[in-house]
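Small disclaimer: the values here were computed from a predicted structure and weren't measured. Here is the naming used below: chain letters follow the sequence lines, and residue numbers restart at 1 for every chain.
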Protein chains: 4
Amino acid sequence: MAAEAGWRAQVYQVIFEADTPAGKLFDVVLLWSILLSIALVLLDSVAVVHNAFGGWLYGAEWVFTALFTVEYALRLLSAPRPLRYARSFFGVVDLLAIVPTYLSLFIAGSQTLLVVRALRMLRVFRVLKLSRYLREAMVLRQALRASLPKIGVFLYTVLTLVIIFGALMYLIEGPERGFTSIPTSIYWAIVTLTTVGYGDIAPASVPGRLLASLVMIMGYGIIAVPTGIVTVEMSRVRDADSITTRVCGHCMREGHDKDARHCKFCGADLPPRVAATD
Amino acid sequence: MAAEAGWRAQVYQVIFEADTPAGKLFDVVLLWSILLSIALVLLDSVAVVHNAFGGWLYGAEWVFTALFTVEYALRLLSAPRPLRYARSFFGVVDLLAIVPTYLSLFIAGSQTLLVVRALRMLRVFRVLKLSRYLREAMVLRQALRASLPKIGVFLYTVLTLVIIFGALMYLIEGPERGFTSIPTSIYWAIVTLTTVGYGDIAPASVPGRLLASLVMIMGYGIIAVPTGIVTVEMSRVRDADSITTRVCGHCMREGHDKDARHCKFCGADLPPRVAATD
Amino acid sequence: MAAEAGWRAQVYQVIFEADTPAGKLFDVVLLWSILLSIALVLLDSVAVVHNAFGGWLYGAEWVFTALFTVEYALRLLSAPRPLRYARSFFGVVDLLAIVPTYLSLFIAGSQTLLVVRALRMLRVFRVLKLSRYLREAMVLRQALRASLPKIGVFLYTVLTLVIIFGALMYLIEGPERGFTSIPTSIYWAIVTLTTVGYGDIAPASVPGRLLASLVMIMGYGIIAVPTGIVTVEMSRVRDADSITTRVCGHCMREGHDKDARHCKFCGADLPPRVAATD
Amino acid sequence: MAAEAGWRAQVYQVIFEADTPAGKLFDVVLLWSILLSIALVLLDSVAVVHNAFGGWLYGAEWVFTALFTVEYALRLLSAPRPLRYARSFFGVVDLLAIVPTYLSLFIAGSQTLLVVRALRMLRVFRVLKLSRYLREAMVLRQALRASLPKIGVFLYTVLTLVIIFGALMYLIEGPERGFTSIPTSIYWAIVTLTTVGYGDIAPASVPGRLLASLVMIMGYGIIAVPTGIVTVEMSRVRDADSITTRVCGHCMREGHDKDARHCKFCGADLPPRVAATD
């Protein structure tokens with residue numbers, strides 16, 4: 001029993017951690033396998049390549065799927081709480097990364113879904129111990145999370161706008177000029193408001209172009225809103241990051257930098273800074 | 001008389017407020033009705049759906065219109081100041097949301113205007129008591145309102161630019177290459193400056209492409225202006241947030257900085273700042 | 001002599017200022033004349049309108065030109081320093097707004113240049129005494145002027161990039177796929193980098209699309225640079241605006257708000273604020 | 001030997017520096033030669049020009065190449081550490097600016113690579129001693145360098161997204177509607193997410209347009225992320241600008257705030273701050 005636990009712990013260390021040489025080697029091999037397997041899926045979708053090397057690619061797909069299946073089983077077996085891993089983001093992605101190949105035995109063409117493996121690429125931050133990148137990713141995530149409610153309000157308002165503009169455009173231009181239905185016109189409104197502008201549907205009448213100009217200028221202007229939201233949140237995260245709450249014991253004033261050891265106002269010793277846990 | 005007032009007050013509570021279970025239920029049912037009625041209008045505009053289910057959709061439209069008419073009447077009856085409600089933003093929208101169906105008896109095709117009901121979707125913020133979202137919406141609105149004069153100046157200048165660029169392009173490319181008139185060329189200038197770029201009208205001559213390049217780079221650059229305006233205003237709103245709500249006990253005025261120890265208006269001692277919990 | 005000076009001063013007051021009822025009336029009439037004359041030029045360029053009302057529009061053009069010529073002469077006569085007015089921005093625009101009609105006697109089609117009158121529309125800020133808008137316009141101008149050197153460096157680098165990307169694309173795709181020359185390819189690079197994307201020229205080969213993807217992502221990213229520049233400059237203008245340089249005579253500390261009458265640190269009286277002249 | 005060193009030093013002063021009249025003249029002549037030689041390469045790629053003046057342009061190309069070769073040799077000879085120059089950014093660019101012409105003796109068409117000379121245009125900042133622009137360029141570079149890790153995380157996430165969206169679109173629309181393979185669909189996803197929107201490939205089915213709408217709104221929104229990153233970093237660089245360069249006379253460390261009176265590291269008195277003149 002202790003032996004088994006030891007065997008499990010060793011596997012856990014290799015697969016889930018990256019501090020030992022074996023763990024690091026495993027992670028690097030895994031990352032390259034993921035990249036290679038994604039490249040194969042992409043190549044297989046090109047008709048010329050598929051016709052020439054379809055068989056080889058199909059074989060390679062099964063080899064990678066077998067490898068990833070073994071890996072998934074080992075993760076399940078060695079994790080202290082298998083269910084918790086299975087329900088985590090990467091647990092679900094790891095499962096989704098092998099299912100499509102088995103599905104392809106029953107449903108033709110489902111191998112394309114293997115690109116979900118691309119999500120496994122996000123492991124790179126954890127795997128390569130790029131702690132600096134990790135911290136940047138956390139700053140980004142924190143700022144984006146704080147922006148979410150405001151961005152939610154913004155998107156809801158945008159959605160209301162494109163519905164109304166789409167319907168107006170359907171009234172003005174009508175089905176004979178490409179605006180075949182209100183949903184199609186809403187699609188046009190989104191294409192225009194986001195300044196993508198494919199040009200597959202475009203107004204041709206004078207009132208239609210007037211309305212389109214309004215939508216474009218509005219889209220050009222309101223892109224400022226999400227940008228402003230995210231910028232302000234990022235600067236908030238940064239400010240919170242850079243100023244300590246230490247108080248000088250002598251003159252009781254705050255606002256000292258992280259690297260300060262003496263009060264900048266009266267010169268007294270500052271208390272040692274306690275590292276923040278965030 | 002008191003009974004009638006009581007009846008009115010009860011209706012008011014159910015329709016206009018959302019604190020009681022009945023009020024909450026009413027609001028949720030209303031929101032779903034709005035969403036469903038909008039979906040029907042959208043679907044009815046699709047030719048295939050209209051041909052198959054046109055009759056059913058027409059009937060459903062009348063049902064929803066009847067419901068919304070009753071609701072509008074109840075709002076008018078129960079509101080303490082009916083005229084004030086009728087003139088408010090949502091009062092007007094509520095009326096516009098039922099008029100098109102009645103109009104369709106006289107003018108064919110006016111049902112499309114029912115999408116104005118989409119504006120009623122904005123009630124969601126109030127209805128679901130998403131106070132957190134409400135506060136975010138208010139911050140956004142406050143920042144946008146403060147940005148309006150600057151954005152007005154900006155839009156006016158942009159309008160002047162597109163008129164001049166459009167006329168120049170009309171001179172350079174001329175009617176035979178799609179720039180059929182100055183208004184059309186102004187439309188092209190707006191499409192280009194806002195980086196939408198449909199491609200339905202595009203310059204083909206060398207001087208035309210030079211001018212177009214200038215317009216594009218200008219549009220690419222000046223998008224920075226509304227973005228800068230909104231970002232600065234948002235950060236101002238946020239800073240205003242960081243101003244304390246301390247009141248001077250002597251002259252009763254607010255607006256003191258965090259580090260203030262004396263009232264900046266009368267010089268009296270300020271009460272110590274209590275850390276805010278938000 | 002004094003009478004003439006008096007006559008001049010009166011004309012000056014009516015034409016250049018807007019404080020008296022007569023001056024205000026003149027300005028409003030002038031603005032509407034400018035708007036109307038621009039509208040006529042735009043309409044005249046539409047073939048249908050030109051064919052139907054060409055003669056009337058030609059006549060109206062001469063009426064407006066006569067009016068603006070008289071106005072320009074009066075400005076020159078009444079201005080204390082006529083040369084200084086003639087060389088100022090609006091002086092040059094006022095002249096350019098009448099020249100094209102006279103030119104059209106010799107060169108056909110030059111009337112289109114009358115749209116330069118659009119620049120006169122910028123008078124609206126001064127004319128309507130929209131001091132609030134004027135102040136916003138000045139804040140914008142100040143921030144943009146401070147951004148110019150950085151934006152110059154940015155544009156120069158972008159120019160270098162589009163030349164190199166354009167030449168690479170010309171090598172990769174070649175004349176047979178629309179990239180007929182390096183200048184044309186540079187035009188494509190500008191269309192792509194600024195995210196306009198007409199689609200009249202688009203890569204079709206695999207390496208061409210790879211390079212195009214690089215240009216797009218680069219363009220998507222570096223739009224952040226002018227935005228960042230302008231935002232930071234605007235926030236700098238705003239900060240400079242909101243903090244006075246008054247010093248407390250008692251504790252000699254700075255950083256007081258505009259509306260402060262007492263030092264927020266020691267409570268002493270602050271010296272009265274002298275209104276800034278900017 | 002001393003004479004040779006003196007000869008070298010003189011050449012060095014003329015070629016590498018721009019303080020003496022001779023050095024300034026050399027730099028101006030060099031810049032114009034670079035601009036002219038780039039213009040010739042651009043013109044030579046236009047078929048009409050090539051057919052008419054191909055011979056002349058070929059000759060001019062060799063003249064410029066000869067000049068730049070001599071210049072490169074002199075730089076190598078006069079530089080105190082030739083290898084260090086040869087490995088520097090401008091050293092490599094100077095070499096690349098002459099190689100293509102010699103290559104064209106063996107490989108036809110390689111002259112197009114001469115546009116790499118465009119990179120030499122960046123010398124303008126150094127050459128014309130535009131110290132103000134240099135400083136702005138440094139501020140930009142510093143802000144961009146500080147943004148790189150965050151932008152790296154952002155780009156990696158965007159890359160993952162476009163792979164997954166591209167594959168989904170390939171599944172939904174399929175080869176018969178232009179989405180011929182997953183790489184092509186990824187190209188479409190990049191074109192859409194960056195809001196370029198050529199329109200050469202565009203979804204036509206309802207689910208395809210729904211997914212496209214999602215990608216567009218996402219692209220419209222996440223452009224806020226690089227913008228926010230760069231803006232915050234620029235404002236950080238600017239704030240750092242406002243940090244004084246005072247050195248503590250006791251522990252010799254810098255980085256003190258403007259309002260600091262005591263060294264924050266050792267507590268000694270700081271010298272009074274002298275107002276900067278910028």
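- Residues B:Tyr198 and C:Tyr198 are not in side-chain contact: their nearest non-hydrogen atoms beyond the backbone lie 4.5 Å or more apart.
- Atom CG in C:Asp200 sits 10.0 Å away from atom OG1 in C:Thr184 (nearest 0.5 Å).
- Contacts with chain B were tallied for C:Thr227, C:Ile190, C:Val196, C:Thr195; C:Val196 has the most, counting heavy-atom pairs under 4.5 Å.
- Under a 3.5 Å cut-off, the side chain of B:Glu173 and the backbone N or O of B:Ser205 do form a donor-acceptor pair.
- You'll find the side chain of C:Leu40 stays beyond 4.5 Å of the side chain of C:Glu61, heavy atoms only.
- Under a cut-off of 6.0 angstrom, the local environment of CZ in C:Phe106 is sparse, with at most 12 non-hydrogen atoms contributed by other residues, nucleotides or ligands.
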Legend entry - Chi angles and distances behind the side chain to side chain contact (heavy atoms under 4.5 Å, CB included) call for B:Arg87, B:Val92: CA-CA 6 Å; B:Arg87 280 181 188 164; B:Val92 173; 5.7 Å; no
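- Contacts of C:Val162 with chain B are absent, with no heavy-atom separation under 4.5 Å from either backbone or side chain.
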Inset, instruction - Give the C-alpha distance, both sets of side-chain angles, the deciding distance and a yes or no for side chain to side chain contact (heavy atoms under 4.5 Å, CB included) between B:Val206 and C:Tyr187. - result: CA-CA 10 Å; B:Val206 171; C:Tyr187 170 71; over 6 Å; no
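- Of the listed residues B:Gly228, B:Gly197, B:Ala202, B:Gly199, the one with more heavy-atom pairs under 4.5 angstrom with chain C than any other is B:Gly197.
- Heavy atoms of C:Ile186 lying under 4.5 Å from chain B are absent altogether.
- With a threshold of 4.5 angstrom between heavy atoms, B:Pro203 approaches chain C through its backbone and through its side chain.
- For residues 216-225 of chain C, heavy-atom neighbours of chain B at less than 4.5 Å comprise C:Gly219, C:Ile222, C:Ile223, sorted by residue number.
- Closest of all the heavy-atom pairs between C:Ile151 and C:Val230 is CD1-CG2, 4.1 Å.
- We find the CG-OG1 distance between B:Leu155 and B:Thr157 to be 8.5 Å, quoted to the nearest 0.5 Å.
- C:Ile201 contributes atom CD1, which lies 9.5 Å from atom CH2 of C:Trp188 (distance to the nearest 0.5 angstrom).
- Nearest heavy-atom pair, C:Gly166 versus C:Ala189, reported as atom, atom and distance to 0.1 Å: N-CB, 4.2 Å.
- Using a 4.5 Å heavy-atom cutoff, the side chains of C:Leu161 and C:Leu193 are not in contact.
- Residues B:Leu214 and B:Phe165 form a side-chain contact, since some pair of their non-hydrogen atoms from C-beta on lies under 4.5 Å apart.
- For B:Ala204, no part lies near chain C; criterion is any non-hydrogen pair under 4.5 Å.
- B:Thr180 touches chain C through its backbone: at least one of N, CA, C or O sits under 4.5 Å from a heavy atom, while the side chain does not.
- The interface of residues 45-52 of chain C with chain B, defined by heavy-atom distances below 4.5 Å, comprises C:Ser45, C:Val46.
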